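A short write-up of the structure that comes next.
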Amino acid sequence: TVFVKPTTGIFSKKEPVHKVYRADKINGEWKTVRELALCPKGFSAVHPAVSPDGKRLFFASNMPGTFGEYDIYVSNISSSGRVGSSKNLGTKVNTNQNDMYPKLLKDNTLVFASEGHKGYGGLDVYSVVVTEKSVGLAINMGSSINSNQNEFTLQIEPQNGMAYVVSNRASGKNSVRKIAYTYLGEKRNTTETDFRLLEALHTTGQENYSSSVFEDE
């Protein structure tokens, strides 16, 4: 975080601006720390998440062109590590309020937190399929994960059959709620909210939702 004086207003105070940085690990040490120019000067970029194949960077920003407060963007990463221009994920993902905390699960499944989609209240966690050329429909991940408070992100650990939700639903500071799940790749009796979590883990059927290219192309 850096403090930058606004370009307008003689007596304006400096405001916090959030930046994303990268570093190279050389002989076990992090070196060549430098800022990634993801958005114009004076605007923030937060919550970076790199795809498992290292080819895409997702992040949230309040730069000009957003549909609301913070929107989620994606940039391609070249084989040399250079980050390309930022692309807004469009209105299937972003709303007129905050859309933040992008995180990649497996394949092309992106989970994120939003307070603009119709949900249970506050920030809810959603999942969406984002391929290189198309964006699917954002799906609320259900009441077993979301509440009338704020849910920020989801950590899935398939090796031990657990998922962890970061939320402030408990009294006091942010807490973590642990959710158990199983997935065998076959149909079984389950509740609707359970199915939404399983759907995020098994994304083959979700590809049908990816019907349009990015809206700014």
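What you see is a predicted model; the values in this text were computed from it and never measured.
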Linked, directly or transitively: [X] and [Y] (ILVMFWY side chains, under 4.5 Å):
X    : Y    : value
L110 : Y73  : no
V20  : M100 : no
L104 : I72  : yes
V46  : F59  : no
V4   : F43  : no

Q. Hey, is the main chain of Y70 close enough, under 3.5 Å, to the side chain of N98 for a donor-acceptor pair?
A.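 Yes, because the side chain of N98 sits within donor-acceptor range (under 3.5 Å) of the backbone of Y70.
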Flag side-chain contact, heavy atom, 4.5 Å: [X] against [Y]:
X    : Y    : result
N96  : E115 : no
F67  : T91  : yes
V128 : F112 : yes
S114 : T95  : yes
V74  : S86  : no
Q149 : Y120 : no
R22  : T32  : no

For the atom pair [atom1] ([X]) and [atom2] ([Y]), what is the distance rounded to the nearest 0.5 Å?
X   : Y   : atom1 : atom2 : result
M63 : C39 : CE    : SG    : 5.0 Å
L38 : L57 : CG    : CG    : 6.0 Å
N76 : K55 : CG    : NZ    : 10.0 Å

Indicate whether any N or O donor in one side chain lies under 3.5 Å from an N or O acceptor in the other, for [X] and [Y].
X    : Y    : result
T66  : N62  : no
T1   : H18  : yes
T131 : N108 : no

Q: Dump the intermediate steps for side chain to side chain contact (heavy atoms under 4.5 Å, CB included) on L36 and Y21, then the final yes or no.
A: CA-CA 5 Å; L36 291 180; Y21 293 80; over 6 Å; no
Would you name the heavy atoms of [X] and [Y] that are closest together and state the gap between them?
X    : Y    : answer
S147 : S167 : OG-OG, 4.4 Å
E151 : A113 : O-CB, 3.6 Å
V17  : G42  : CG2-O, 3.8 Å
K103 : Q155 : NZ-OE1, 3.0 Å
A49  : P102 : CB-O, 3.4 Å
L123 : N150 : N-OD1, 2.8 Å

Q. Going through the distances and angles, do T153 and V125 end up as a side chain to side chain contact (heavy atoms under 4.5 Å, CB included)?
A. CA-CA 6 Å; T153 191; V125 178; 5.8 Å; no
(Q) Among residues at least two apart in sequence or on other chains, which ones pass salt bridge (charged side-chain N to carboxylate O under 4.0 Å, His left out) with R82? (A)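 By the salt bridge (charged side-chain N to carboxylate O under 4.0 Å, His left out) rule, R82 matches no residue at all.
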Q. Does a salt bridge link K118 with D124, judged by any charged N lying under 4.0 Å from a carboxylate O?
A.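 Judged by the 4.0 Å cut-off on N to carboxylate O distance, K118 and D124 do not form a salt bridge.
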Q: Report the C-alpha distance between F58 and L89 in whole Å, list the side-chain angles of each, state the deciding distance to 0.1 Å, and finish with yes or no for side chain to side chain contact (heavy atoms under 4.5 Å, CB included).
A: CA-CA 10 Å; F58 292 85; L89 289 187; 4.3 Å; yes
(Q) Between N140 and N146, is the side chain to side chain contact (heavy atoms under 4.5 Å, CB included) condition met? List the steps. (A) CA-CA 8 Å; N140 188 295; N146 294 309; 3.0 Å; yes
Q) Looking at residues at least two apart in the chain, or sitting in another chain, which of them share a ring-ring contact (aromatic ring centres under 6.0 Å, His included) with Y101? A)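 With sequence neighbours excluded, Y101 shows a ring-ring contact (aromatic ring centres under 6.0 Å, His included) to H47, F152, given in chain and number order.
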Q. Which pairs count as salt bridge (charged side-chain N to carboxylate O under 4.0 Å, His left out) when at least one residue sits in residues 35-53, sequence neighbours excluded?
A.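 Checked against salt bridge (charged side-chain N to carboxylate O under 4.0 Å, His left out) - neighbours excluded - the pairs reaching residues 35-53 are K19-E35.
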